[in-house]
Student: 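Below is the structure I would like to discuss, written out as structure tokens.
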Amino acid sequence: MSDFKPQLKIVTMAVAVAISGLMIGCNDNSSEKATVKDDAYYKSLAEQLVSQMSISEKLDIVSGPGMDFTTFANNTPINLVSDASGVAGYINGVKNDKLDIPAAKLADGPAGLRINGTRDGDSGTYYATAWPIGSLLASTWDTALIEEVGKATGEEVKEYGVDILLAPGMNIQRNPLNGRNFEYYSEDPVVTGKIGAAMVEGVESNGVGTTIKHFFGNNSETNRNYINDIGEPRTFREIYLRGFQIAVDEAQPWAVMTSYNKVNGTYVNQRKDAVTNILRDEWGFNGLVMSDWFAGNVMGDSESAAAQLNAGNDLIEPGGQKTNLQASMDAGSLTEAQVTQNAVHILTQVQKSPSYNRYAFSNNPDLNAHATLARKAGAEGMVLLKNSAALPIANSKTVATFGVNQINTYKGGTGSGDVHAAYTVTIAKGLANRFTVNSDLQDYYTTYFATNKVEHAGSFGGASTYSCDEALVTGNTELSTLLTTAVQNNDVAVISIGRQAGEGADRTNAKGDYLLSDQETDMITAVADAFHAQDKKVVVVLNVNGVIDTTAWADKADAILLAYMGGQDTGNAVADVLSGDVNPSGKLAQTFPASYADVPSSTSFAGVDNDTDGTPDDTYYNEGIYVGYRYYTTFEKAVSYPFGFGLSYTTFGYSNAAVTENSLSKGAKGSVTLTATITNTGSVAGKEAAQVYVSAPEVKLKKPVIELKAFAKTSKLDAGAVEKLTFNIPAKILASFDQANNQWIVEPGTYKAYVSPSSNVTDTTLVTFTVDKEIVVSNTTAGALALADGVDAASVTTISK
Ligand code: BGC
């Protein structure tokens, strides 16, 4: 892409006049390299562009073209120079005798670029790579790998002619039943922020944009457009905003998408304290802020769009709000100065886009290379939860595969996080590619699925998906006979359990969803009894969107692999791990609790139905900052598999943990650095994700007993090899939020730090560092995100130390 091509006559003037201080001889290539093309530069040009626009044109910029509800297709945007079928929305362009700004294209999403794979009247294909879901990517704990995935994703964005990706999804996995958890990274904000930043860096290295979403508090799908999150500012700041803050700080994405929900009574996209004071003023965000699609009650409230612009939400998507915005201007509730500012924010980013720069995209990204990388990322993020000498499966062994999910394998979730990929490798196929499998069993499940599947119409233009009750073994003569033969002829059983989820609905704590169905329990029991009677091993593969119960059945399995949804090459990636071709190094970025009832938000999810209309209205964030492992460790609740946990085919020793530098006496700019030595103490090569948990002193503020503050992954270490890892924790990551004083502070005292393989730090040798006096890391906006008048904090946060 040519780095910069003036789109209009006035740009030359702008270069010469408005930003002459930044630009040295714009027609001279050598000196152009010296130009700092940062957001200040583009903002200056954007101001020039917008100054040439009529108010009508400015309103076109701040409101997308809208959607035709008879066909549910986007209306045609202004000055669309080239299209990409299946994008989610557009930013209108401008075309007049002075300006020629092409429309920009926006497309989902978190597991890869969501555009149509085929087009009417066109024999070409436009498939994109279906990457592993966000939860799996985060479980790699490998920011370099995520950046690579981002780079490849961004190449598809660019080469298919799209400008801004509507991803990554960075909401916190507050509760396992959120239907969109699969799109998100973690229950922890540091993991979320660091993985999100790496994704942004990778995608944007192509000269296309990202949109971190959904800012913030979109942590359930039930009544998602209207739900009101009620919580204390500290809860939102430390848990639900912090990941976004880290991503802005480290990667400065082009865009932020605000969420559907309200926070403390007001839609987030209409909260100036969130969108302007916190995001822009406190964090220094320079990009554009867009609404989620139809968010903020735009269809029910003609003043909603104006309220969003006034709050600093620059772009209304999918748009179609021009008439309402004009009416608000006429009524005096929206000023031209406000619209100008919103339009400048948008055009600052649009100028960097391929469409603006007339990039000649190829429609030919390197899908083969990306398929290899997707398979690699899939295997790197799968988490080995249990292994009693069952894995890896030796080449010489024959494998009996059970479960309809081996045929009905889920590459990812549904909704806007889906991807139109060219193929999905099922678990049956992946295992057959790698091992000698029992083909009679695979044929049985193929036929069973074809006969018993239930079709669910695709959402968001996606293909249909299928569910299928598991085949009972008990009382099923055909399957029982196949089982008997398999036990005689095969060495090991691999059982697949699947769970689909998607946008628009939450999951349930019921059989067939969070719990195993009766048929699944029957299958696991029958297969385990039969194979164990012959001293043969049983492996369970979980092809799931998120957490399911394992307590009820884990003892029946010799090995459990959490495969999540591994993208288009799920089956091959599962085989890579089961065979030992890839030594698993994924670790949980969300806790597997012992029971759903142990989840701190189990009683408040998905909200209370105040008006008894059958849908929840308010969700009380009763657990405050005690989300995920912060709760289980502080309140000493046993869990099935702790946050940060994952097994390997080798073992690792941790030694020489030390604090090597403590510059916290410098205050807000200070940091603490730790190192530790990781040794591969086993017999095969492998990688280890090491985590630093900090236990902070409590002076004014109560705190979780431990919090993750840094992590790093070793390179692939041969047996016996050693690597020294370094962890840096800046004061701002160490800080807690003192809501009484509107400050991020680091409290004085002795801090304990654990360099640990997981959040279970009981066997980890601690090191300490001290902070002499309180550090005020930053002062924040007084009263931001406050509880609504009359709501008492003690009635909201009911779980506290
Ligand atoms: C989703 C967003 C998505 C948008 C456009 C909305 O329903 O919440 O995540 O980017 O649709 O497809």
Side-chain angles (χ1 to χ4, degrees), residues 63-69 72-75 77 84-91 104-116 128 133-135 153 157 162-173 178-185 192 196 199-200 203 208-227 229 244 253-262 267-269 288-299 308 313 315-320 412-420 458-462 501-506 545:
S63 176
M67 198 170 267
D68 174 351
F69 288 104
F72 279 97
N74 287 301
N75 294 336
S85 168
V87 298
Y90 301 90
I91 303 173
K105 287 156 268 178
L106 319 174
D108 292 299
L113 177 67
R114 188 174 67 89
I115 56 171
N116 294 335
I133 58 169
S135 307
T153 308
V157 174
V162 174
D163 298 296
I164 301 184
L165 185 71
L166 303 170
M170 295 185 58
N171 293 99
I172 292 293
Q173 293 162 338
N178 177 11
R180 281 183 96 174
N181 272 351
F182 70 93
E183 296 185 43
Y184 306 140
Y185 293 134
T192 299
M199 181 61 79
V200 168
V203 173
V208 296
T210 57
T211 312
I212 58 175
K213 70 185 187 184
H214 310 87
F215 174 93
F216 67 96
N218 184 182
N219 302 312
S220 57
E221 287 296 290
T222 311
N223 198 25
R224 67 172 178 168
N225 288 61
Y226 304 99
I227 196 82
D229 296 351
F244 290 105
W254 289 18
V256 168
M257 186 190 293
T258 46
S259 56
Y260 281 121
N261 52 283
K262 299 173 195 161
Y267 287 107
V268 172
N269 62 19
L288 75 90
V289 181
M290 72 177 79
S291 69
D292 200 345
W293 270 232
F294 302 107
N297 196 22
V298 277
M299 307 309 282
Q308 294 183 43
N313 188 104
L315 174 64
I316 316 288
E317 284 297 330
T414 63
S416 65
D418 193 7
V419 178
H420 306 306
S459 56
F460 286 77
E503 186 168 348
D506 285 317
N545 53 68

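As the structure lists them, so they are numbered: ligands from 1, and atoms in each ligand from 1. In this text, all values refer to a predicted model and were calculated from it rather than measured experimentally.
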Student: Between the side chain of Glu183 and the main-chain N/O of Ser416, is any donor-acceptor distance below 3.5 Å?
Tutor: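 Judged by distance alone, no pair lies under 3.5 Å.
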
Student: Mind listing the closest non-hydrogen atom pair of Ala167 and Thr210 along with its distance?
Tutor: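 In this case the closest contact between Ala167 and Thr210 is O-CB, 3.3 Å.
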
Student: So, the side chain of Gln308 versus the backbone of Asn313: is there a donor-acceptor pair under 3.5 Å, distance only?
Tutor: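 No.
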
Student: In this structure, which one of Tyr226, Tyr260, Phe69, Phe72 forms a ring-ring contact (aromatic ring centres under 6.0 Å, His included) with Phe294?
Tutor: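 Only match with Phe294 under ring-ring contact (aromatic ring centres under 6.0 Å, His included): Phe69.
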
Student: Is the Lys NZ or Arg CZ of Lys105 less than 6.0 Å from the centre of Tyr90's six-membered ring, within 45° of the axis?
Tutor: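 Here Lys105 fails the 6.0 Å and 45° test against Tyr90.
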
Student: What's the spacing between Asn178 CG and Glu221 CD if we round to 0.5 Å?
Tutor: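 If I round to the nearest 0.5 Å, the distance is 6.0 Å.
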
Student: What does the 4.0 Å heavy-atom contact list look like for ligand 1?
Tutor: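 Its neighbours under 4.0 Å (heavy atoms only) are Ala88, Asp108, Arg114, Leu166, Arg180, Lys213, His214, Arg224, Met257, Tyr260, Asp292, Trp293, Ser416, Phe460, Glu503, given by chain and number.
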
